[in-house]
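Encoded as structure tokens, the structure appears first; notes follow it.
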Amino acid sequence: MSSAPTSTSPASNFIRTIIDNDLASGKHRAIQTRFPPEPNGYLHVGHAKSICLNFGLAADYHGLCNLRFDDTNPEKESQEYALAIQEDVRWLGFEWSGEVRWASDYFDALYAFAVELIQKGLAYVDDLSPEKMREYRGTLTQAGKNSPSRERTVAANLDLFARMKGGEFADGAMVLRAKIDMSSSNMNLRDPAIYRIRRAHHIRTGDKWCIYPMYDYTHCISDALEGITHSICTLEFEDHRPLYDWVLDNITIPCHPRQYEFSRLELHYTITSKRKLLQLVNEQKVTGWDDPRMPTISGMRRRGYTAAGIREFAKRVGVAKSENSVDMAIMEGAIREDLELRAPRVMAIINPLKVTITNFDGALTREADFHPNLPELGKREVAFASELFIEADDFAEVPPAGWKRLTLGGEIRLRHSYVMRCDEAVKDADGKIIELKCSIDHATLGKNPEGRKVKGVIHFLSCAHALPAEIRLYDRLFTVAQPDADKDGDFCKYLNADSLQVVQGWVEAAVKDAAPETHYQFERLGYFVTDRRDHQAGGKLVFNRTVTLKDSWTKEQA
RNA sequence: UGGGGAGUCGCCAAGUGGUAAGGCAACGGGUUUUGAUCCCGUCAUUCGUAGGUUCGAUCCCUACCUCCUCAGCCA
């Protein structure tokens with residue numbers, strides 16, 4: 001399950017153009033990228049795009065890609081998240097260079113560089129309250145004004161910073177700020193805070209530190225220490241690039257990586273904000289981070305999306321700088337394409353209607369391939385008996401125009417079996433059809449009837465041989481394409497109440513011992529996967545619907 | 001009203017002074033014991049708008065319009 005479904009040459013994009021130029025000019029002999037998540041949540045489809053980009057670039061250009069945790073805000077971070085992230089990256093099919101890196105590995109170096117900035121008069125300790133600082137910062141259209149602390153002497157700053165580190169001051173009492181320009185039109189350059197005091201237990205450094213460096217200050221230095229050549233992030237960091245460069249230009253460090261930004265991914269009918277995904281989990285709108293409706297990597301995995309399918313999706317959406325909101329159809333197309341190539345076919349019934357074969361005597365079973373084009377996937381015996389289940393949707397007493405399925409007096413092909421005619425529909429007191437009496441043409445096993453053509457093929461199961469299974473039918477999580485378009489509105493009001501439907505259905509006995517995370521195509525219904533958590537091989541069978549098959553018939557009806 | 005970005009087919013996305021790639025979707029047809037797959041075909045005289053430069057502009061210039069983004073001691 002590891003090779004990509006198609007391997008066309010990678011599409012051109014602006015980052016590749018930059019790398020091509022850097023390599024051609026000799027600026028770099030090889031590239032080094034990095035994927036730098038904060039371990040404060042599970043990875044989602046947007047991260048998957050970034051992972052495919054960073055690791056993919058490294059692979060294509062024979063470079064390296066690091067996995068680095070941006071663990072500079074201990075209050076939000078956990079070991080659970082860090083572990084889950086590593087598993088997700090590996091599952092997606094990527095291997096990072098060397099050991100996992102942590103920004104916290106650089107805390108000592110970061111502290112030393114901060115001292116250097118202070119010594120150069122480029123950083124100062126400020127005891128303005130957060131409220132005051134906001135006031136001094138000015139607005140988008142008005143310049144800020146200098147803090148009274150800005151002219152503190154180097155010696156005083158050195159002393160204060162050391163005491164900040166030493167734990168002499170309360171959380172929030174003061175910060176270390178870069179001394180840049182309070183009147184800059186770029187807000188990030190108005191003396192940004194680069195260290196704050198926070199007594200929080202850090203997942204790796206424990207209680208060693210009570211001051212923590214900020215993202216803007218940490219990220220560029222981490223990149224430089226790791227020899228990153230191309231530091232790729234999303235567009236909202238574009239305004240931070242001058243600060244990224246300012247820090248590296250003002251400390252003694254030999255390496256100066258360059259930051260490039262691409263637009264973040266938006267997917268129709270879902271959300272890709274960690275904060276909002278966390279809210280869905282906390283408020284139990286979903287069962288957890290790996291709920292199959294979640295756009296998290298673990299959720300998509302549990303849903304049955306394959307790593308190769310997600311990689312193909314990333315390739316199809318490309319990398320650019322324009323805002324985009326991608327159709328779910330692109331994801332579903334990529335997933336179907338991958339599954340089409342590998343998923344064994346079996347029959348399953350979601351909504352059974354009983355069929356009694358009135359001329360069963362002498363009928364035979366037949367062997368069928370698990371995949372029409374992949375004989376190596378093997379065969380199994382398709383049971384046939386006098387009592388069958390067919391999909392209730394496959395019978396219509398008064399069929400619409402164009403109907404190719406079963407109807408009174410009509411005949412269809414039972415998949416891998418006989419041609420069958422419906423002779424009678426048995427109804428209950430309410431007029432509801434509860435059973436069909438049908439007869440088969442004994443001469444049609446494995447061959448077409450003479451003198452007439454049978455238009456439809458439907459799937460079925462022998463009642464006596466079928467196994468009960470819990471089938472979870474998933475639909476989009478939200479009812480609108482862009483649930484968080486309205487920034488102030490509550491995106492939860494667009495939650496799709498019917499995003500999960502659990503039914504008790506029936507499956508072929510051939511899947512009885514399937515391990516968790518086994519993919520199948522239920523013929524004519526869709527791709528399904530055995531649930532990672534709840535399915536038990538040989539025991540309780542639980543299938544998640546990954547995606548339906550393309551269906552030009554219901555589309556035509558609509 | 002300040003700064004930084006972006007506007008090419010329904011959704012993505014190449015291209016870049018020489019006359020609009022590709023994918024997805026859609027549509028038409030063929031094959032088919034999955035209304036699936038597969039195969040064949042169709043799908044932007046036009047690149048936000050208006051001017052200008054040029055033999056020639058999506059690409060260069062000017063103005064305008066629209067959208068995104070920035071005022072955390074988050075990342």
Side-chain angles (χ1 to χ4, degrees), chain A residues 6 8 11-14 36-38 40 70 72-73 75-76 126 128-130 133-134 137-144 171-177 184-190 192-198 211-212 214-216 218-219 233 235-242 261 263 268 274-275 312-313 315-334 336-337 340-341 345 347 368 372-373 402-405 412-419 444 446-448 454-459 481 521-526 548-556:
Chain A
T6 53
T8 49
S12 166
N13 65 50
F14 75 99
E38 182 187 11
N40 69 341
D70 245 329
T72 55
N73 187 10
E75 287 170 316
K76 290 185 174 173
D126 195 354
L128 235 37
S129 68
M133 236 173 109
R134 192 177 314 126
R137 187 153 35 229
T139 68
L140 295 180
T141 51
Q142 291 176 309
D171 285 12
M174 49 189 71
V175 294
L176 181 68
R177 292 228 253 171
S184 172
S185 51
N186 182 342
M187 300 300 286
N188 295 297
L189 264 21
R190 318 248 266 228
I194 59 177
Y195 264 95
R196 77 285 214 182
I197 304 173
R198 185 130 321 166
I211 58 171
Y212 291 95
M214 302 282 289
Y215 164 85
D216 284 306
T218 307
H219 204 89
C233 61
L235 241 27
E236 64 268 31
F237 292 102
E238 229 164 359
D239 294 343
H240 297 238
R241 195 190 327 131
E261 312 85 13
S263 60
H268 284 352
K274 248 192 214 176
R275 202 199 91 233
E312 176 64 18
F313 166 75
K315 186 192 290 181
R316 290 182 184 185
V317 300
V319 178
K321 296 187 78 144
S322 50
E323 287 99 35
N324 58 71
S325 192
V326 175
D327 266 359
M328 225 4 168
I330 297 185
M331 173 64 89
E332 294 182 341
R336 284 194 191 102
E337 180 176 298
E340 160 66 29
L341 262 35
R345 274 65 164 160
M347 295 193 278
N373 313 115
W403 184 255
K404 297 205 303 198
R405 306 177 188 180
I412 47 79
R413 160 74 64 182
L414 289 173
R415 176 74 166 146
H416 298 308
S417 190
Y418 295 93
V419 168
T444 56
K447 55 174 180 276
N448 287 125
V454 176
K455 46 193 183 300
V457 178
I458 67 173
H459 61 282
Q521 184 196 93
F522 287 172
E523 293 207 47
R524 304 208 307 135
L525 296 177
T548 59
L549 256 28
K550 274 207 265 186
D551 183 357
S552 55
W553 168 244
T554 45
K555 196 166 63 187
E556 184 183 320

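Being a predicted model, the structure only gives us computed values, none of them experimental. Proteins get letters first, then strands, A, B, ... in listed order; numbering begins at 1 in each.
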For a 4.5 angstrom cut-off between non-hydrogen side-chain atoms, does [X] reach [Y]?
X	Y	value
A:Met187	A:Thr139	no
A:Arg196	A:Asn73	yes
A:Ser263	A:Asn324	yes

Decide, applying a 5.5 Å centre-distance limit and a 30° plane-angle limit (both strict), whether A:Tyr215 stacks on B:rA75.
no
In whole Å, I'd like the distance from the NZ atom of A:Lys274 to the P atom of B:rC74.
16 Å
Roughly, in whole Å, what's the span from CG in A:Asn73 to C1' in B:rA75?
8 Å
Counting the atoms with a prime plus P, OP1 and OP2 as sugar-phosphate, which does [X] contact under 4.0 Å by heavy atoms, base, sugar-phosphate, or nothing?
X	result
A:Asn40	nothing
A:Glu323	base
A:Pro242	nothing
A:Arg345	base
A:Gly402	base
A:Lys404	base
A:Gln521	base
A:Val419	nothing
A:Gly456	nothing
A:Thr72	sugar-phosphate

Which atoms form the tightest heavy-atom contact between [X] and [Y], and what is the distance?
X	Y	result
A:Val454	A:Val419	CG2-CG1, 3.8 Å
A:Pro36	A:Asp70	O-OD2, 3.6 Å
A:Tyr215	A:Thr72	N-OG1, 4.4 Å
A:Glu261	A:Phe14	O-CZ, 3.1 Å
A:Phe522	A:Leu549	O-CD2, 4.5 Å
A:Arg345	A:Pro372	NE-CD, 3.8 Å

Quick one: list whatever passes ring-ring contact (aromatic ring centres under 6.0 Å, His included) with A:His240, sequence neighbours left out.
A:Phe237
Using atom [atom1] of each nucleotide, how far apart are [N] and [M] to the nearest Å?
N	M	atom1	value
B:rA57	B:rG52	C1'	11 Å
B:rC9	B:rG22	P	15 Å
B:rC67	B:rU42	C1'	33 Å
B:rA20	B:rA36	P	35 Å
B:rC60	B:rC27	P	38 Å
B:rU37	B:rA75	P	47 Å
B:rC73	B:rU69	C1'	22 Å
B:rA25	B:rC12	C1'	11 Å

Taking only the side-chain heavy atoms of A:Ser322 (C-beta and beyond), determine which of B:rG5, B:rA13, B:rG35 contains the nearest atom.
B:rA13
Go through B:rA75, B:rA14, B:rC12 for me and flag the one nearest to the A:Ser12 side chain.
B:rA14
For every nucleotide of nucleotides 21-31 of chain B, 5' to 3': is a protein heavy atom under 4.0 Å from its base (B), only from its sugar-phosphate (S), or from neither (-)?
--BSSSS----
Could I get the full list of side chain to side chain contact (heavy atoms under 4.5 Å, CB included) partners for A:Val457, not counting sequence neighbours?
A:Arg413, A:Arg415
To the nearest 0.5 Å, what is the distance between CZ on A:Arg190 and CE on A:Met133?
12.0 Å
Anti/syn call for B:rG72, syn if |chi| within 90°:
syn
Strictly under 3.5 Å: I want the nitrogen or oxygen pairs between protein and nucleotides 69-73 of chain B, one per line.
{"unit_1": "B:rC70", "atom_1": "O4'", "unit_2": "A:Asp239", "atom_2": "OD2", "d": "3.4"}
{"unit_1": "B:rA71", "atom_1": "O2'", "unit_2": "A:Arg137", "atom_2": "NE", "d": "3.0"}
{"unit_1": "B:rG72", "atom_1": "OP2", "unit_2": "A:Arg137", "atom_2": "NH2", "d": "2.9"}
{"unit_1": "B:rC73", "atom_1": "OP1", "unit_2": "A:Arg137", "atom_2": "NH2", "d": "3.4"}
{"unit_1": "B:rC73", "atom_1": "OP2", "unit_2": "A:Arg137", "atom_2": "NH1", "d": "3.3"}
{"unit_1": "B:rC73", "atom_1": "O2'", "unit_2": "A:Arg198", "atom_2": "NH2", "d": "2.8"}
{"unit_1": "B:rC73", "atom_1": "N3", "unit_2": "A:Gly172", "atom_2": "O", "d": "3.0"}
{"unit_1": "B:rC73", "atom_1": "N4", "unit_2": "A:Leu128", "atom_2": "O", "d": "2.9"}
{"unit_1": "B:rC73", "atom_1": "N4", "unit_2": "A:Pro130", "atom_2": "N", "d": "3.4"}
{"unit_1": "B:rC73", "atom_1": "N4", "unit_2": "A:Gly172", "atom_2": "O", "d": "3.0"}

Can you list the stems that RNA chain B is part of, where a stem is at least 3 pairs in a row, each Watson-Crick or G-U, with both distances below 3.5 Å?
B:2-7 with B:65-70, B:10-12 with B:22-24, B:26-30 with B:38-42, B:48-52 with B:60-64
Residues in salt bridge (charged side-chain N to carboxylate O under 4.0 Å, His left out) with A:Arg137, at least two apart?
none
Please determine if A:Lys321 and A:Glu238 form a salt bridge, counting it only when a charged side-chain N lies under 4.0 Å from a carboxylate O.
yes
No-H, no-angle donor-acceptor pair, A:Arg413 side chain to B:rU33 base, under 3.5 Å
yes
Comparing A:Arg241 with A:Glu523, nearest RNA chain B nucleotide closer to 5' gives the residue A:Arg241
